[in-house]
Amino acid sequence: MKIVLAGPYPTGTLEQFQRLLPDQEFLSAATQEEYEALTDVDCIVVRVLKTPESVLANKPNLKAVIRWGAGYDSVDIQAAGRRGIPVLNTPGVNAYAVAELALGMMITLNRKILGYWSNVQRGNWDRGAFASLSLNHKTVGIVGGGNIGRRVAALVQALGAQVVYYDAFRLPPEREQELHMTYAPLEELLEQADLVSLHVPLLDSTRYIIGAEQLARMKPTACLVNTARGGLVDDTALLQALQKGQLAGAGLDCVEDEASPVTKGLMDAPNVLITPHIGGSTADLADAMIPTIAQIIQTLAEGGELNNVVNREYLAAGQ
């Protein structure tokens, strides 16, 4: 099969795939233009590039699209389904990395590290300038009880926090008990939590899951962390809430529009931490991701049953 690695990848990724799958032919497409121009492709592995219908339409031999990561909102899964092309993701492989960033943002915000660092840069070494808080005995609200949400739960519990969570698909009671995660409707979670961390995909049903109404329910001492997807939070409403003192701070690994005036306002806020969607992109992630995807490609080549197909309903409708 001809497999294209679409997007920039860590150094050595192509060589690792070639070692694991010597019988397969690998191509690279570093830019969106190169990606769209390719026609003779059997399988796509895509990281940060977009996969709209136009990318799928000129690849008649395409058998599968594999996402490097859990999110798949950059792929037109309906168009792929109509063409009989399964779209697969790799949930859980980078969960540890995203969870680490979420925890790091919580600690940075709660301990007021941004404010103290700014003060020290100006020569102010006052240790009592801010009300620094630990995670011990705090309530962390996790929106999304999947792989990443559960890892975040374990991390904050290790530091003494209790966890409430919301998910459209509630975990079985015995699993909740095992994980020490207490279910609550979203409105109640927002009212209880000292920190709220988002770990759901961006879907029509989750867009603006945190808007003005939800932000108004949060404690003025609470912080919001979004390491999932831009669009889950109404950034305009978030900026207004921060400006009005309705929220203590925010950690954002993704925003709605990087070039918008709202994002500029968030960047200028002293209690906001923004990173360029680095949560699942550690330099060592490839060591876990490449073998996982190589196994998927091998299963595809052998005609085996594929797991983690995210567009089954559209595949069925297209048959």
Applying side chain to side chain contact (heavy atoms under 4.5 Å, CB included), run through Tyr165 and Leu179 and close with a yes or a no.
CA-CA 11 Å; Tyr165 85 100; Leu179 297 168; over 6 Å; no
Inter-residue atom distance Leu300.CG - Ile66.CD1, 0.5 Å rounding
6.5 Å
Any link between Phe130 and Val120 through a network of hydrophobic side chains (Ile, Leu, Val, Met, Phe, Trp, Tyr) touching at under 4.5 Å?
no
For Ala286 and Thr13 the tightest heavy-atom approach is CB-OG1, 4.5 Å
Do Leu242 and Leu195 land in one hydrophobic cluster if side-chain heavy atoms of ILVMFWY residues count as linked below 4.5 Å?
yes
State the CD1-CD1 distance between Ile3 and Ile297, to the nearest 0.5 angstrom.
4.5 Å
Single-linkage hydrophobic cluster, 4.5 Å side-chain cutoff, Ile113 and Val225 together
no
Looking at side-chain heavy atoms only, is the closest gap between Arg47 and Ser281 below 4.5 Å?
yes
Would the distance check show the side chain of Tyr72 and the main-chain N or O of Leu88 forming a donor-acceptor pair, the cut-off being under 3.5 Å?
no
Can you see which heavy atom on Met289 is nearest to which on Gly69, and at what distance?
CE-N, 3.7 Å
Testing the basics here: between Val93 and Leu285, what is the closest heavy-atom pair and its distance to 0.1 Å?
O-CD1, 3.9 Å
Please confirm whether the backbone N or O of Tyr314 pairs with a side-chain atom of Asn311, one donor and one acceptor, at under 3.5 Å?
no
Would the distance check show the side chain of His199 and the main-chain N or O of Val143 forming a donor-acceptor pair, the cut-off being under 3.5 Å?
no
Nearest 0.5 Å please: distance from the CG atom of Leu238 over to the CG atom of Leu252.
6.0 Å
Please confirm whether the backbone N or O of Asp257 pairs with a side-chain atom of Thr263, one donor and one acceptor, at under 3.5 Å?
yes
Just wondering, more than 12 heavy atoms not from Glu258 lying within 6.0 Å of its CD?
no
Can you check whether Gly71's main-chain N or O pairs, donor with acceptor, with Asn89's side chain at less than 3.5 Å?
no
Applying side chain to side chain contact (heavy atoms under 4.5 Å, CB included), run through Leu159 and Ile107 and close with a yes or a no.
CA-CA 10 Å; Leu159 297 177; Ile107 294 172; 4.2 Å; yes
Keeping Ser132 on the side-chain end and Arg111 on the backbone end, is there a donor-acceptor pair under 3.5 Å?
yes
Side-chain donor or acceptor of Asp194 paired with backbone N/O of Lys138 under 3.5 Å:
no
Test of understanding: clusters of I, L, V, M, F, W, Y form through side-chain heavy atoms closer than 4.5 Å, transitively. Do Val272 and Met267 belong to the same one?
yes
Calculate, to the nearest 0.5 Å, the distance between atoms CD1 and CG belonging to Ile210 and Asn226 respectively.
9.0 Å
Using a 4.5 Å cut-off on heavy atoms from C-beta on, say whether the side chain of Ser197 contacts that of Met105.
no
May I ask you to decide if Asn124's main-chain N or O and Asn119's side chain share a donor-acceptor pair within less than 3.5 Å?
no
Quick one, Glu188 and Arg217 - any side-chain contact, counting heavy atoms below 4.5 Å?
no
Residue from Asp40, Ile44, Val4 passing side chain to side chain contact (heavy atoms under 4.5 Å, CB included) with Leu62
Ile44
Can you tell me how far apart CG (Asn110) and CG (Asn136) are? Round to the nearest 0.5 Å.
11.5 Å
For Ala29 against Leu49, the heavy-atom pair lying closest together:
O-CD1, 3.7 Å
In the structure I gave you, are the side-chain heavy atoms of Trp68 and Ile290 within less than 4.5 Å of one another anywhere?
yes
With rounding to the nearest 0.5 angstrom, report the CD to CG distance, Glu36 to Leu56.
10.5 Å
Going by side-chain hydrogen bond (donor to acceptor under 3.5 Å, both in side chains), Tyr208 matches just one of Glu256, Gln214, Glu213. Which one?
Glu256
Side chain Thr206, main chain Pro201, donor-acceptor under 3.5 Å:
yes
Any heavy-atom pair between the side chains of Leu232 and Leu202 that's under 4.5 Å?
yes
If every non-hydrogen atom of Ala102 is compared with every non-hydrogen atom of Val152, which pair is closest and at what distance?
CB-CG2, 4.1 Å
Criterion side chain to side chain donor-acceptor pair (under 3.5 Å) on Tyr35 and Thr51, from CA distance to verdict:
CA-CA 9 Å; Tyr35 184 29; Thr51 309; 2.8 Å; yes
Using side-chain heavy atoms (C-beta onward) and a distance below 4.5 Å, is Phe26 in contact with Leu21?
yes
Side chains of Cys223 and Met106 in contact at under 4.5 Å (non-hydrogen atoms):
no
Take Gln24 and Phe17, measure what side chain to side chain contact (heavy atoms under 4.5 Å, CB included) needs, and give me the verdict at the end.
CA-CA 9 Å; Gln24 310 300 336; Phe17 272 117; over 6 Å; no
If two hydrophobic side chains count as joined below 4.5 Å and joins carry through other members, does Leu266 share a cluster with Leu114?
yes
Heavy-atom donor-acceptor pair, Glu53 side chain to Ala79 backbone, under 3.5 Å:
no
When every non-hydrogen atom of Ala70 is compared with those of Pro91, the smallest separation belongs to CB-CA, 4.0 Å
Decide side chain to side chain contact (heavy atoms under 4.5 Å, CB included) for Tyr166 and Leu190; before the verdict, give the C-alpha distance in whole Å, the side-chain angles of both, and the deciding distance to 0.1 Å.
CA-CA 10 Å; Tyr166 165 77; Leu190 295 171; over 6 Å; no
Close side-chain approach of Val55 to Gln32, heavy-atom, < 4.5 Å
yes
Give a yes or no on whether Glu191 atom CD has more than 12 heavy-atom contacts from other residues, nucleotides or ligands under 6.0 Å away.
yes
